[in-house]
> 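Quick one: this structure, given as structure tokens, is what I'll be asking you about.
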Amino acid sequence: MKATSRATSNIAFVKYWGRINEQLRLPMNGSISMNLAAATTTTTVEFDPKLEFDYIHPQSLQLNEKQATRVFQHIDRIRKLAKIDMRAMVATQNNFPMGAGIASSASAFAALTVAAATAAGLELDTRELSILARQGSGSACRSVPSGFVEWHYGETNEDSYAEQIAPPDHWDIRNLIAITQAEHKTVGSAEGNALVETSPFNAIRVQLAQESMKIIRKAILDRDFTTLGEETEREAIRLHVIAMTSVPMILYWNPVTVRIMQAVMTWRNEGLESYFTIDAGANVHIIVQGQDADAVETRLRAIEGVRDVIHSRVGNGAILLNEHLF
Ligand code: PMV
């Protein structure tokens, strides 16, 4: 009744922003991402009849009360499905710095889902695991399948899941994550998501995101970097327009964020092709082809205010490991 899983984070080219169902985390639009090999979470779950409560293991990354409650609620979903009532011990570790503003809920809930479902004795396929992970954190459903992944928005629980578009070795695209702040973002994605309908531009963004799905899916399959990059940038800007026009308004960028955006545009005009995308935070994700990655990374590190750069290749989906954290 013990299992360990490792899952990667992911970066979305078409982003999830806004939900039609808060509880089930059904999104307003589909989304497409690549898994990030360099940003992983490893989680061990053990169901134990001797435990009276659910616990976070002392040697685990320590979660605050809100985070731990969310983890235990997810374990509850899995217990219900497996028809067991044993309490669980959970340990988790990230291979990237916490508090650097790198979204960890995608890798965290993908790894938690696979570890807990396996420990509970459930035999679920990728689609079923993706559906479960989505209920823990929306973007986590995209970290279950491997490589380039599409989340079908779906109107019911069963229809809203992620699926592979292409495996990791299909295309050598890199994501360089420029860390621009030491602390966590101020407005979490859950809060931001809940505000979309206060923006007068939300309906048009949802409609345009569905157009972006077609364009980006095809660009990935055709390995058309220019189309992928241009459309990814536009889609990211539209998300931030929604955030900035929400009530109350959310501004995720800091001056370094903008400096990087401008630098990327300049490099592009000079012939070094790269594009940016930004999630619900101030860090900038630069998308670049493998052959240009080192040159872009060197330039990024030279920008004032960039604290660190994480260089990631396309990653696998959530996998089971034989070694446990405890
Ligand atoms: O699943 P959450 O609550 O971490 O939301 C993720 C939202 C974005 O990162 C902004 C976009 C996305 O699709 O990853």
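By convention here, the first residue in the shown sequence is residue 1. Computed over heavy atoms, backbone and side chain alike; hydrogens, waters and symmetry mates excluded. Start at 1 and go down the list; that is how both ligands and their atoms are numbered.
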> Show me which atoms of ligand 1 lie under 4.0 Å from any heavy atom of G138.
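Every atom of ligand 1 under 4.0 Å from some heavy atom of G138: 1 (O).
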
> One thing to verify: whether R234 and E211 come together as a salt bridge, which I'm taking to mean a side-chain N less than 4.0 angstrom from a carboxylate O.
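No, this pair does not count.
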
> Is R299 salt-bridged to E270, cutoff N-O under 4.0 Å?
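A salt bridge is present here (some side-chain N lies under 4.0 Å from a carboxylate O).
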
> So is there a nitrogen or oxygen of Y16 less than 3.5 Å from a nitrogen or oxygen in ligand 1?
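Yes: some nitrogen or oxygen of Y16 is under 3.5 Å from one in ligand 1.
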
> Assess the side chains of H285 and T277: does a donor N or O sit below 3.5 Å from an acceptor N or O?
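No - no donor-acceptor pair under 3.5 Å links their side chains.
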
> Is it the side chain, the backbone, both or neither of S139 that has a heavy atom closer than 4.0 Å to ligand 1?
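Both the backbone and the side chain of S139 come within reach of ligand 1.
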
> I'd like to know if S105 contacts ligand 1, where contact means a heavy-atom distance under 4.0 Å to any ligand atom.
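Per 4.0 Å heavy-atom rule, S105 contacts ligand 1.
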
> Identify which of R19, E191, R142 has a heavy atom lying nearest to atom 14 (O) of ligand 1.
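Looking at heavy atoms only, the winner is R142.
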
> Donor-acceptor check, side chain of T180 to backbone of A282, threshold 3.5 angstrom: yes or no?
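Flag set: sc T180 to bb A282 pair under 3.5 Å.
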
> Under 3.5 Å between any N/O of K15 and any N/O of ligand 1: does that happen in this structure?
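N/O-N/O distance under 3.5 Å: no.
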
> If I apply the N/O under 3.5 Å rule, does S189 come out as touching ligand 1?
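N/O-N/O distance under 3.5 Å: yes.
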
> At less than 4.0 angstrom from any non-hydrogen atom of A280, what atoms of ligand 1 do you find?
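This gives 10 (C) as the contact atoms.
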
> For ligand 1, which atoms sit closer than 4.0 Å to a heavy atom of A12?
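Under 4.0 Å from A12, ligand 1 has these atoms: 12 (C), 13 (O), 14 (O).
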
> Where the side chain of E233 meets the backbone of F276, is there a donor-acceptor pair that is under 3.5 Å apart?
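Yes, because the side chain of E233 sits within donor-acceptor range (under 3.5 Å) of the backbone of F276.
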
> Between the side chains of R205 and N29, is a donor N or O closer than 3.5 angstrom to an acceptor N or O?
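Looking only at side-chain atoms, N29 and R205 do form a donor-acceptor pair, the distance falling under 3.5 Å.
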
> May I ask you to check whether Y275 and F225 place their ring centres under 6.0 Å from each other?
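Under 6.0 Å, so yes.
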
